[in-house]
Amino acid sequence: MAQNTHRKNITPYLFITPGLLIIAFGFFIPMIMLFAISFFKGIPGSGLIDRTFTIENYTRFADPYYFKVLFVTFRIALGTTLLSLLLGYPLALLINRTRGFAKTILLVTILTPLLTNVVARTLGLMIVLGRHGPINQILDLLSIPKFSFIPSELGIIIGLTQVFMPYMIMSINSVLSNIDFSLQEAARDLGSSATGAFWKVIFPLSVPGIIAGSLFVFLLSFSSYVTPRLLGGGQIMVMTMLIYQQATALLNWPFAAAASLILLVFTIILVTSYTKIASSGDLRQDDAKQSTKNSKSSWKNLSDGVREFLYSINAFVSRSLIKVSILKNTFTAIGKFFSFISPFTSKLLIFLIIIFIILPLPLVILSSFSDSSMISFPPKSYSTRWYTGLLDRPEYIRSFLLSVRLASLSMIVSLIFGTLASLGLARYKFPGKEFIRSIFLSPLMLPAVIVGIALLRFLVEIRQTATFQGLLLAHLVLTTAYVVRTISSSLVGFDNSLQEAARDLGASAFHAFRTITLPLIKPGLIVAAIFSFITSFDETTVSIFITGGRTITLPVRIFSQLEYGLDPTVTAISSLLIVMALIAITIIGKVFGLEKFSIR
């Protein structure tokens, strides 16, 4: 009996240990090392570190140049967030009110760019925003002087909006799907106008989705590297580019580490603030229950004060969004404008937003069939020479095979260890369970550039830079986190008594798992496998730091080529990546259902 109890006590730890080892060696140890060297003195250009304690790396950000870099990064992220909200909210409303096949088409339109490699999407943006791209051609037809979107802050904001707006749309849509729109109809019945009913009823209820979407878009924009680097042409310096420059070009590791940790602290502050504000409603309910008690300790009084403060913040945000006269007048004017113009024009504006999201992808595919050695739109003549020419480019074939091998191995290992960890977290109760769950998911919450530089420093110490083993460790950190998140969602509400009943009837643990648990989580396993493969195959930012020599993955190869100019061969490869994303969307839609996608 005691032996069975002991076995039951250690079982969850046996389930989670393999996955925890991956996260520990690939994430936490590198992050601790990064934190430590940020307080040392670097010798620029040498890669050497003077281990004398100093805070100079942090105080350097008081310098006007570095402060400007931080300010420009903040300005770009804020502009991206506002533009994503302005364009994404109407589309989220449309998705919520659409049914049937039309809704499926809209979801495919939104999710396909989301699953497409960021380098391929940015290539499409370079074509769209280029000097001879469609936008400047339209301006030329209207006798308006051409505008240089690349390089410029405006071009980066437009590009980041196109890349990250789906997060805003899906976040708002997940909240709108839980709103009872009959409340709006009731307001209309009581004499409110359509605009007034929306502003006073629907919009306040959708504020949590707006806050969540804005947080996602702001953090992703603030920590983005690939899109600002390509659309900024290396001339618009942002925090991520500063970190990469200091770590790889100037070899000033301590300052690069300090810049990374400043980015990390900023991320933690935003995520923590959102988590507390979002949970303040639940905390308010807890207050109501606790108020019925006759006596409270000083600690409880302090807790109540914190809860009340957080609730007040949430209420203040909601009231501010409703009452700010500028916003109210703007939305009222928009409502009157839409009621004045014809339904056709309203639909046209929505159609243009959809085109904005999806346009770069078909342009990449169309440009890949151009016969010209210069990428231009529209192509003057068509050919398949860039596809057949791939066979004559051994570097691309080598990178493709490396990416396939890396993604396949990452998928298999993370699927095994991630599923075990998910089962351990779902089935058993043990001390520190929620903390361990947050450990598994933490790599998904931090900017990829921080993970990249931390891993690079760790791999330098163990002499594994530019090796397949180092790449595999980096990708396993990310894919394991995705698997744990996906499988854990599939196990929500799972009745463990079913498997226990099978064991009581004489079934072995493996047979009970194979016949009961596995069929129930099979859809989640398929989706987790697809996501982990795509995540590894498309991973760019972390891989940029740790690849080199004969270990350059396909996305990094494409990115490196685009840094020096547009190569038509890249359009052919990017087109294949887009097709791969479409196949993944189709499989996920059949197995899991696209309507279940939400971002909270």
Side-chain angles (χ1 to χ4, degrees), residues 95 101-125 162-163 166-167 169-170 354 357-369 384 386-388 390-391 396-397 399-412 414-415 418 475 478-479 482-483 485-487 489-490 521-540 543 553-559 569-599:
I95 292 174
F101 182 71
K103 186 168 188 174
T104 301
I105 294 298
L106 285 173
L107 288 172
V108 170
T109 301
I110 301 302
L111 294 174
T112 300
L114 202 60
L115 293 181
T116 303
N117 180 266
V118 65
V119 182
R121 281 182 287 167
T122 306
L123 170 60
L125 289 167
Q162 193 277 337
V163 170
Y167 290 96
I169 294 171
M170 300 309 295
I354 296 174
I357 295 176
I358 201 68
L359 180 62
L361 303 187
L363 286 190
V364 170
I365 296 175
L366 190 61
S367 299
S368 68
F369 291 99
T384 59
W386 306 116
Y387 288 93
T388 56
L390 288 174
L391 299 176
Y396 285 110
I397 295 176
S399 294
F400 172 76
L401 294 177
L402 173 65
S403 293
V404 170
R405 182 161 62 103
L406 184 63
S408 300
L409 194 55
S410 298
M411 177 187 68
I412 294 171
S414 62
L415 204 59
H475 286 221
L478 302 175
T479 55
Y482 271 108
V483 170
R485 181 175 181 178
T486 305
I487 301 299
S489 299
S490 300
I521 66 172
K522 183 179 178 180
L525 284 171
I526 295 174
V527 173
I530 294 173
F531 267 122
S532 58
F533 184 90
I534 291 179
T535 298
S536 176
F537 191 89
D538 288 346
E539 209 297 309
T540 307
S543 299
T553 60
L554 186 61
V556 175
R557 178 79 65 182
I558 298 173
F559 173 80
T569 304
V570 173
T571 62
I573 300 173
S574 299
S575 298
L576 298 177
L577 297 180
I578 295 171
V579 171
M580 186 174 73
L582 284 170
I583 294 173
I585 282 287
T586 303
I587 297 175
I588 292 173
K590 294 289 185 181
V591 174
F592 198 66
L594 297 180
E595 294 188 12
K596 294 185 180 180
F597 275 82
S598 64
I599 299 173

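When a residue number appears, it is its place in the shown sequence, counting from 1.
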Enquirer: Pick out which of Leu115, Asn117, Ile534 makes a side-chain contact (heavy atoms from CB on, under 4.5 Å) with Leu577.
Expert: Asn117
Enquirer: Could you grab the distance from atom CD1 of Ile95 to atom CG of Leu106, nearest 0.5 Å is fine?
Expert: 5.5 Å
Enquirer: Evaluate whether atom CZ of Phe537 has more than 12 neighbouring non-hydrogen atoms of other residues, nucleotides or ligands under 6.0 angstrom away.
Expert: yes
Enquirer: State the CD1-CE distance between Ile530 and Met411, to the nearest 0.5 angstrom.
Expert: 9.5 Å
Enquirer: What heavy-atom pair brings Leu525 and Ile487 nearest, and what distance separates the two atoms?
Expert: CD2-CD1, 3.6 Å
Enquirer: Backbone N or O of Tyr396 within a donor-acceptor pair of the Ser399 side chain at under 3.5 Å?
Expert: no
Enquirer: Of the non-hydrogen atoms in Phe369 and Ile365, which two are nearest, and what is the gap between them?
Expert: CD1-O, 3.2 Å
Enquirer: If you compare all heavy atoms of Thr116 against all heavy atoms of Arg121, which two are closest, and at what distance to 0.1 Å?
Expert: O-NE, 3.1 Å
Enquirer: Which distance, rounded to the nearest 0.5 Å, do you find between the CD1 of Ile412 and the CZ of Phe533?
Expert: 10.0 Å
Enquirer: If you measure from OG1 on Thr104 to CG on Leu107, what distance do you get to the nearest 0.5 Å?
Expert: 6.5 Å
Enquirer: Give a yes or no answer on whether the side chain of Ser575 reaches the backbone of Ser368 with a donor-acceptor pair at less than 3.5 Å.
Expert: no
Enquirer: For the pair Ile357 and Ile110, evaluate side-chain contact (heavy atoms from CB on, under 4.5 Å) and give the outcome as yes or no after the intermediate values.
Expert: CA-CA 7 Å; Ile357 295 176; Ile110 301 302; 3.6 Å; yes
Enquirer: Considering non-hydrogen atoms only, spot the tightest contact between Thr553 and Ser543 and give its length.
Expert: OG1-CB, 4.2 Å
Enquirer: Any donor-acceptor pair under 3.5 Å linking the side chain of Thr486 with the backbone of Val483?
Expert: no
Enquirer: Got a second to check how far Leu554's CG is from Leu402's CG, nearest 0.5 Å?
Expert: 9.5 Å
Enquirer: Got a sec: does the OH of Tyr387 have more than 12 other heavy atoms crowding it under 6.0 Å?
Expert: yes
Enquirer: Minimum heavy-atom separation for Ala572 to Leu390, with atom names?
Expert: CB-CD1, 4.4 Å
Enquirer: Are Ser532 and His475 linked by a side-chain donor-acceptor pair shorter than 3.5 Å?
Expert: no
Enquirer: In Å, rounded to the nearest 0.5 Å, how long is the span from OG1 of Thr569 to CZ of Arg557?
Expert: 12.5 Å
Enquirer: Closest approach of Pro555 and Ser403, non-hydrogen atoms and distance?
Expert: CD-OG, 3.9 Å
Enquirer: Answer yes or no: is there a side-chain heavy-atom contact under 4.5 Å between Ile358 and Pro113?
Expert: yes
